[in-house]
Amino acid sequence: MENTILVTGGAGFIGSNFILQRMERESDSVVNLDKLTYAGHLRNLEAIANDRRHEFVHGDIADRGLVRGLLERRRPQAIVHFAAESHVDRSIRGPDDFIRTNVDGTFALLEEVRTYWGGLTEQERADFRFLHVSTDEVFGSLDPEDPAFSETTPYAPNSPYAASKAASDHFVRAYHHTYGLPVLTTNCSNNYGRFQFPEKLIPLVILNARAGKPLPVYGDGQNVRDWLYVEDHCEAIATVLTRGRVGQTYNIGGWNEKRNIDIVEIICDIVDEMAGRRGSSRRGLITFVKDRPGHDRRYAMDANKIERELGWRPLETFESGIRKTVRWYLENEEWVRDVTSGSYRQWIETHYSS
Ligand code: NAD
Ligand code: DAU
């Protein structure tokens with residue numbers, strides 16, 4: 001039988017990187033269900049536009065009839081669930097979409113998958129996997145000396161985004177414990193790399209630095225994030241999908257904690273080097289702005305379990321990954337122009353005007 005996986009949110013940042021990597025390495029067919037919100041772009045998948053193993057379906061994970069029909073028609077052996085509203089600042093300004101997609105959407109998907117899975121043969125049921133892609137933000141915030149989050153750290157989500165992801169994680173867990181659905185959950189730290197929508201810190205700073213615009217740093221810039229190159233995240237997901245123990249959760253991280261201000265300064269220096277200086281260093285563009293409400297101080301991931309059990313470790317260093325990323329954004333002006341349409345400009349104006 002042909003091997004088919006269903007990917008949700010495969011036109012977004014991580015989902016598109018995952019599909020491109022997967023199709024390069026495996027012979028699988030991929031069905032990609034994506035609503036194409038402001039964050040989803042088929043351009044990300046241009047490289048496989050003529051590859052018949054990829055089928056794009058434009059739709060909402062919360063549309064149960066659509067999901068049911070898709071599962072019956074394509075009969076996937078696995079689901080990799082990326083689709084979500086993913087930007088913390090947007091969740092603070094308007095949480096509704098986060099509940100609709102991250103909570104209600106995940107629930108709708110789980111219900112349809114449960115029915116589909118229940119109709120498979122015993123062997124197919126045993127081989128089936130539902131992999132839920134989640135975040136380190138469900139664990140809350142760390143003080144400087146606290147140990148990193150592990151798989152047993154209690155959940156303490158602080159933003160509407162984190163709360164919606166935590167809710168979806170709990171539903172996924174419950175579907176395993178109650179119905180026996182073979183689920184896997186991954187909780188990952190901050191990703192960076194090509195195709196990340198420029199509302200997020202790293203691409204926003206690269207593009208503003210290139211254009212000579214202010215570089216907005218929230219609060220005192222001392223908040224810490226653990227950065228992971230997106231292709232390493234995709235490898236980790238593929239590893240968990242094939243070798244992860246059913247019902248388990250795996251933390252994924254880059255062993256790479258950095259303060260926001262350090263990230264911004266590193267990017268300024270690389271853009272100065274690659275795009276040429278215009279007089280003074282771009283560090284002069286750094287502008288401290290009003291803090292994000294409830295801004296988590298520090299995230300750090302203990303990714304020992306996935307290394308010990310499944311042999312995954314990040315391969316890219318931050319030094320090489322960030323250079324690749326800056327170069328990609330500088331060389332892909334057309335992509336940037338395409339994705340930064342009217343609605344993007346409106347978000348930037350509203351969010352940073354105060
Ligand atoms: P993204 O915002 O770039 O992409 C999300 C994709 O989901 C878009 O293509 C969008 O069109 C699609 N989508 C949104 N609502 C949908 C719906 N109702 N139905 C179908 N498709 C829908 O997000 P990302 O950064 O690629 O994140 C992907 C997943 O990984 C999310 O679940 C996120 O919580 C998780 N995650 C992200 C990071 C990170 O640093 N970006 C880190 C850890 C975990
Ligand atoms: O930790 C994983 C999470 O990482 C994912 O679950 C989210 O989907 C993803 O968006 C990301 O969340 P963050 O809030 O950490 O990422 P963001 O790029 O928005 O911000 C990174 C840090 O930079 C954070 O401390 C806020 C700060 N920041 C962000 C922006 C957009 C600024 O100082 N200025 C900015 O303009």
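Ligands are counted one by one from 1 in listed order, and the atoms in each one are counted from 1 as well. It should be emphasised that the depicted structure is a prediction, and the values quoted were computed from it without experimental measurement.
Applying the 4.0 Å criterion to heavy atoms of Lys200 picks out, from ligand 2, the atoms 10 (O), 18 (O). Against a heavy-atom cut-off of under 4.0 Å, Glu199 is close to the following atoms of ligand 2: 31 (C). Atoms of ligand 1 found under 4.0 Å from any heavy atom of Asp60 (numbered from 1 in listed order, with element): 17 (C), 18 (N), 19 (N). For ligand 2, the atoms closer than 4.0 angstrom to any heavy atom of Val88 are 14 (O). Set against the non-hydrogen atoms of Val217, the atoms of ligand 2 under 4.0 Å away are 33 (O). Using a 4.0 Å cut-off to heavy atoms of Gly59, the atoms of ligand 1 that qualify are 19 (N), 20 (C). Taking a cut-off of under 4.0 Å to the non-hydrogen atoms of Tyr161, the atoms of ligand 2 that pass are 5 (C), 6 (O), 7 (C), 8 (O). Short contacts between ligand 2 and Leu204, defined as distances under 4.0 Å to a heavy atom of the residue, involve ligand atoms 36 (O). Of all atoms in ligand 2, listed by their number and element, those nearer than 4.0 Å to a heavy atom of Asp136 are 1 (O), 2 (C). Taking a cut-off of under 4.0 Å to the non-hydrogen atoms of Arg225, the atoms of ligand 2 that pass are 15 (O), 24 (C), 25 (O).
In summary, Lys324 and Glu231 do not engage in a salt bridge, as defined by a charged side-chain N under 4.0 Å from a carboxylate O. For the pair Glu111 and Arg114, the salt-bridge criterion is met [side-chain N within less than 4.0 Å of a carboxylate O]. In summary, Arg25 and Glu235 engage in a salt bridge, as defined by a charged side-chain N under 4.0 Å from a carboxylate O. With salt bridges taken as basic N to acidic carboxylate O contacts below 4.0 Å, one links Glu55 and Arg74. Ionic pairing of Asp272 and Arg283 is not present here: no N-O contact between side-chain nitrogen and carboxylate oxygen is shorter than 4.0 angstrom. The pair Arg245-Glu309 meets the salt-bridge criterion, since a charged nitrogen lies less than 4.0 angstrom from a carboxylate oxygen. At a threshold of 4.0 Å, the pair Arg297-Asp143 does not count as salt-bridged, since none of the basic side-chain nitrogens sits closer than that to a carboxylate oxygen. Between Glu151 and Lys305, none of the side-chain N atoms (NZ, or NE/NH1/NH2) sits under 4.0 Å from a carboxylate O, so this pair counts as no salt bridge.
Contacts between Asn260 and ligand 2 below 4.0 angstrom, taking non-hydrogen atoms only, involve the side chain exclusively. When heavy-atom distances to ligand 2 are checked against a 4.0 Å cut-off, Glu137 comes that close only through its side chain, counted from C-beta outward. At a 4.0 Å heavy-atom cut-off, ligand 2 does not touch Val289 at all.
Atom CZ of Arg43 has more than 12 neighbouring heavy atoms from other residues, nucleotides or ligands inside a 6.0 Å radius.
Residue Ser16 places no heavy atom under 4.0 Å from ligand 1. Look at Gly105 and you'll find every heavy atom at least 4.0 Å from all atoms of ligand 1. Using a 4.0 Å cutoff on heavy atoms, Phe197 does not count as a contact of ligand 1. Within the 4.0 Å heavy-atom cutoff, Tyr161 counts among the residues contacting ligand 1. Taking 4.0 Å as the cut-off, Thr8 does not count as a neighbour of ligand 1 on heavy-atom distance. Under the 4.0 angstrom criterion for non-hydrogen atoms, Lys165 is not in contact with ligand 2.
A ring-centre distance under 6.0 Å is not found for Tyr299 and Phe139. Taking the six-membered ring for Trp and the full ring otherwise, the centers of Trp328 and Phe195 sit less than 6.0 Å from each other.
Between Ser134 and ligand 1, no N or O atom pair is found at a separation short of 3.5 Å. Looking at Asn190 next to ligand 2, an N or O pair under 3.5 Å apart turns up. Considering backbone and side-chain N/O atoms, Tyr299 never comes within less than 3.5 Å of an N/O atom of ligand 2. In terms of N/O distances under 3.5 Å, ligand 2 is approached by Thr135. For ligand 1, the polar-atom distance check finds no N/O of Thr135 at less than 3.5 Å from any of the ligand's N/O atoms. Checking only distances, Asp34 does come within under 3.5 Å of ligand 1, N or O to N or O. Note: an N/O pair closer than 3.5 Å links Ser86 and ligand 2 by distance alone. Any N or O atom pair closer than 3.5 Å counts here, and Ser86 shares at least one such pair with ligand 1. Checked by distance only, ligand 1 and Ala83 stay at 3.5 Å or farther apart across all their nitrogen or oxygen atoms. Considering backbone and side-chain N/O of Asn191, one or more are found under 3.5 Å from N/O of ligand 1. Not one N or O of Gln196 is nearer than 3.5 Å to an N or O of ligand 1, by distance alone. At least one N or O atom of Pro216 sits closer than 3.5 Å to an N or O atom of ligand 2. At a 3.5 angstrom cut-off on N or O pairs, Leu33 does not count as close to ligand 1. Geometrically, ligand 2 and Trp227 share no nitrogen or oxygen pair separated by less than 3.5 Å.
Ring pair His81/Phe130 is tilted by interplanar angle, where 30° to 60° counts as tilted.
Phe13 does not carry Arg194 over the face of its six-membered ring by the limits of under 6.0 Å from the centre and within 45° of the normal.
For atom 14 (C) of ligand 1, the nearest non-hydrogen atom from the set Gly10, Ala84, Gly9 belongs to Ala84. Among Phe18, Phe82, Tyr38, the residue whose heavy atom sits closest to atom 29 (C) of ligand 1 is Phe82.
Counted by atom type alone, Ser320 and Glu316 present one or more donor-acceptor pairs between their side chains at under 3.5 Å.
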